[in-house]
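Here is the structure we will look at, set down as structure tokens.
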Amino acid sequence: MMTVKRLLLLRRRIDPLLVGLSAVLFPLYMPAPVAVAVIFGACGLYVAFSSRRRLRRQMTSPAGMVMVYTLFSAALMLVRGEFNLDNRQLGFMGLLLGVSFISPGLCLVRRPLRHFVIGARLGSVATFLLALTVAMILAHAPDRYGGGGNAAIMAFLVLIGALVASIDLEKPPRFLPNGMQYLALSSFPVFLTETRAVLVLVPTIFLVEFFCRTEQWRPHLRKTRFVMLLAGLVALLLLPQVREMLIERFFSVYDYYIDGGEHADMVSGDIRLTMWQAALVVIGDHLVSGVGLMRMFGLMTEAAGDHASLIEGYKHVHNFVLQELLANGVIGLLLLASIPVVFLATVWRKTPDAVLRRSAVYVLGSLGAFGLLHDPFYHELCLSTIMLFVGVCLAQFHRWDMLTPAAAKRL
């Protein structure tokens, strides 16, 4: 018979595997991390409400700001009469509220961040190998690589996996060492997705991290880093595929919108501009509390006028700032913005590890930058992945808080 003690002992073995498995699968664009996040969220909900002390700790952590934001959004939906199952906003706010309890749900995992990082390293290597295989098989008919889904979401998840994988571990696995090689590997599948937002982020983050890490090199070696970067850049630009992709994805935008060229296919850009212009009109009339997702596109279609046909059938504005202003108004946007601020403040307070601090900035900065052209906040896998990272970090910080002051905070 399965007793509570046996169940807990079993979970001590299973939970670390689930944490690692979720990190392996999300760069591969597999949906399982959503289920893992929900499972740990449900466990955490029980743990958090099992005592006043645990509930107080949950409310005073960054997860408490997530709860405030989701409850505010739910209150607006209730006032608008949109509190029903047909409202996608209600479903996403429910998911966000549930997975905000991931941290207490990881109470049986001793080193949750270590398991998550090792899983991300495996996932990054697997994603590179899979992308390489797909590229060789489909070399005769190249197309945007989407991992079986949306290419932009794929690129974002690959980047997040590489950023998590780049967190340094004490005594890392022999075949999964510390270093920036995971960012380098991620550049190949991201290149295949041809996603502009992430194509800009990968080299930017790589350069910043490269200079931060090489500061520890000896002076005569530091002088060579500019030569190394220049040589790498020249080597990339000499590849015909890289040049063709850059011309198609970036220079064509300049040619179409600045020089007035008409040969480029900029339908996606025209759709976004129409959405954003219509959104600004609607936001101007409902700045404080927004209009909610159910009415959003109806009002935007009216505001778009003759261009309304361009945005028919869409569910998101492809800009998280405008979407949040439409959904919950300026108050909702301020509450949403406070979540990463509180989380980063917690990271700075809880860990002296500079690499972990930078990685947290990279992850949340990438989320914000990517969200300016897409909407990861209303995608189940993106939302679950980010909250898994936040939850794993908070669980690790709580583990460190239980150590004596003299004990080392190790990953």
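Computed from a predicted model, the values in this text were never measured in an experiment.
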Task: Distance, nearest 0.5 Å, that separates CG of Leu96 from CD of Glu380 - done: 12.5 Å
Task: Main-chain N/O of Val109 paired to Arg399 side chain as donor or acceptor, under 3.5 Å - done: yes
Open item on the list: Using the side-chain hydrogen bond (donor to acceptor under 3.5 Å, both in side chains) criterion, which residues pair with Asn84? Sequence neighbours excluded.
Closed with: none
TODO: Answer whether the closest heavy-atom distance between the side chains of Leu388 and Phe116 falls below 4.5 Å.
DONE: yes
Open item on the list: If we ignore hydrogens and angles and just use 3.5 Å, is the side chain of Trp276 paired with the main-chain N or O of Val317 as donor and acceptor?
Closed with: yes
Open item on the list: If I compare all heavy atoms of Pro62 with all of Thr346, which pair ends up nearest, and what's the gap?
Closed with: CG-OG1, 3.3 Å
TODO: Give the minimum heavy-atom separation between Phe101 and Gly41, together with the two atoms involved.
DONE: CB-O, 3.4 Å
Open item on the list: So Val158 and Met154, do their side chains get closer than 4.5 Å, heavy atoms only?
Closed with: yes
Open item on the list: Could you check whether any side-chain N or O of Arg357 sits under 3.5 Å from a backbone N or O of Thr351, counting only pairs where one atom can act as donor and the other as acceptor?
Closed with: yes
TODO: Answer yes or no: is there a side-chain heavy-atom contact under 4.5 Å between Pro27 and Leu157?
DONE: no
- [ ] Using the six-membered ring wherever Trp is involved, compare the ring planes of His379 and Tyr29 and label them parallel, tilted or perpendicular (cut-offs 30° and 60°).
- [x] tilted
Task: Minimum side-chain heavy-atom gap Tyr182-Thr127 below 4.5 Å - done: no
Open item on the list: Whether Asp168 and Arg213 form a salt bridge (side-chain N of Lys/Arg under 4.0 Å from carboxylate O of Asp/Glu) is what I want to check.
Closed with: yes
TODO: Evaluate the side-chain proximity of Ser366 to Ile205: yes if any heavy-atom separation is below 4.5 Å, no if none is.
DONE: yes
Task: Contact check, side chains of Val355 and Ser166, non-hydrogen atoms, under 4.5 Å - done: no
- [ ] Scan side-chain atoms only and decide if Asn87 and Arg80 contain a donor-acceptor pair under the 3.5 Å cut-off.
- [x] no
Open item on the list: Please check this pair: side chain of Thr70 against backbone of Met67, looking for a donor-acceptor N/O pair closer than 3.5 Å.
Closed with: yes
Open item on the list: What's the separation between atom CE in Met294 and atom CG in Asp86, rounded to the nearest 0.5 Å?
Closed with: 6.0 Å
Task: CZ/Phe211: more than 12 non-hydrogen atoms of other groups inside 6.0 Å - done: yes
Open item on the list: Tell me if a side-chain donor or acceptor on Gln58 pairs with a main-chain N or O of Ser100 at a distance below 3.5 Å.
Closed with: yes
TODO: Rounded to the nearest 0.5 Å, what's the gap from CG on Leu159 to OG1 on Thr193? Could you check?
DONE: 10.0 Å
Task: Distance (rounded to the nearest 0.5 Å) between Arg358 CZ and Asp353 CG - done: 8.5 Å
- [ ] Measure from the side-chain N and O atoms of Ser51 to the backbone N and O of Arg54, and report whether any donor-acceptor pair falls under 3.5 Å.
- [x] yes
Task: Of all pairs that satisfy ring pair (Phe, Tyr, Trp, His ring centres under 6.0 Å), the ones with a partner from residues 146-165, not counting sequence neighbours - done: Phe156-Phe370
Task: His307 atom NE2: more than 12 heavy-atom contacts under 6.0 Å - done: no
Task: Expected output: side-chain Gln181 to main-chain Pro177 donor-acceptor under 3.5 Å - done: yes
TODO: Go through the side-chain N and O atoms of Ser73 and Gln89 and say whether any donor and acceptor fall under 3.5 Å apart.
DONE: yes
- [ ] Heavy atoms only: give me the nearest Pro173-Arg114 pair and the separation to one decimal.
- [x] CD-NH2, 4.3 Å
Task: Thr60 and Arg56: side chain donor to acceptor below 3.5 Å - done: no
Open item on the list: Run Met300 and Leu326 through side chain to side chain contact (heavy atoms under 4.5 Å, CB included) and show every step you take.
Closed with: CA-CA 10 Å; Met300 284 173 57; Leu326 287 165; 3.8 Å; yes
Open item on the list: Give me the atom names and distance for the closest heavy-atom approach of Cys107 to Val47.
Closed with: SG-CG2, 4.2 Å
Open item on the list: Just to verify, which of Tyr378, Phe377, Tyr69 counts as forming a ring pair (Phe, Tyr, Trp, His ring centres under 6.0 Å) with Phe92?
Closed with: Tyr378
Task: Nearest-0.5 Å distance, CD of residue Gln323 to CG of residue Asp375 - done: 4.0 Å
Task: From CA spacing to verdict: side chain to side chain contact (heavy atoms under 4.5 Å, CB included), Arg110, Arg12 - done: CA-CA 9 Å; Arg110 291 181 178 178; Arg12 275 194 177 276; 3.9 Å; yes
Open item on the list: Apply side chain to side chain contact (heavy atoms under 4.5 Å, CB included) to residues Leu113 and Leu356 and explain how you reach the verdict.
Closed with: CA-CA 10 Å; Leu113 188 52; Leu356 179 53; 3.9 Å; yes
TODO: Mark yes or no for whether Asn178, through its side chain, and Leu169, through its backbone, hold a donor-acceptor pair below 3.5 Å.
DONE: yes
Task: Minimum heavy-atom distance between Ser22 and Pro33, given as atom pair plus value - done: O-CG, 3.4 Å
TODO: Please indicate whether Arg88 has more than 12 foreign heavy atoms, meaning atoms of other residues, nucleotides or ligands, lying under 6.0 Å from its CZ.
DONE: yes
TODO: Report, as yes or no, whether the 6.0 Å neighbourhood of atom CZ on Phe72 holds more than 12 heavy atoms from other residues, nucleotides or ligands.
DONE: yes
Open item on the list: Any heavy-atom pair between the side chains of Tyr145 and Phe188 that's under 4.5 Å?
Closed with: no
Task: salt_bridge(Asp401, Lys350) N-O dist < 4.0 Å - done: yes
Task: Atom of Ala120, atom of Val164 and distance for their closest heavy-atom approach - done: CB-CG1, 3.7 Å
- [ ] Quick one: do Lys315 and Leu293 satisfy side chain to side chain contact (heavy atoms under 4.5 Å, CB included)? Show the steps, please.
- [x] CA-CA 8 Å; Lys315 297 179 180 179; Leu293 292 191; over 6 Å; no
Open item on the list: Counting C-beta onward and ignoring hydrogens, is there a side-chain heavy-atom pair between Leu411 and Val117 closer than 4.5 Å?
Closed with: no
Open item on the list: How long is the straight-line distance from OG1 of Thr301 back to CE of Met275, given to the nearest 0.5 Å?
Closed with: 9.5 Å
- [ ] Go through the side-chain N and O atoms of Glu209 and Tyr362 and say whether any donor and acceptor fall under 3.5 Å apart.
- [x] yes
Open item on the list: Please check: side-chain N/O of His286 versus main-chain N/O of Val282, any donor-acceptor pairing under 3.5 Å?
Closed with: yes
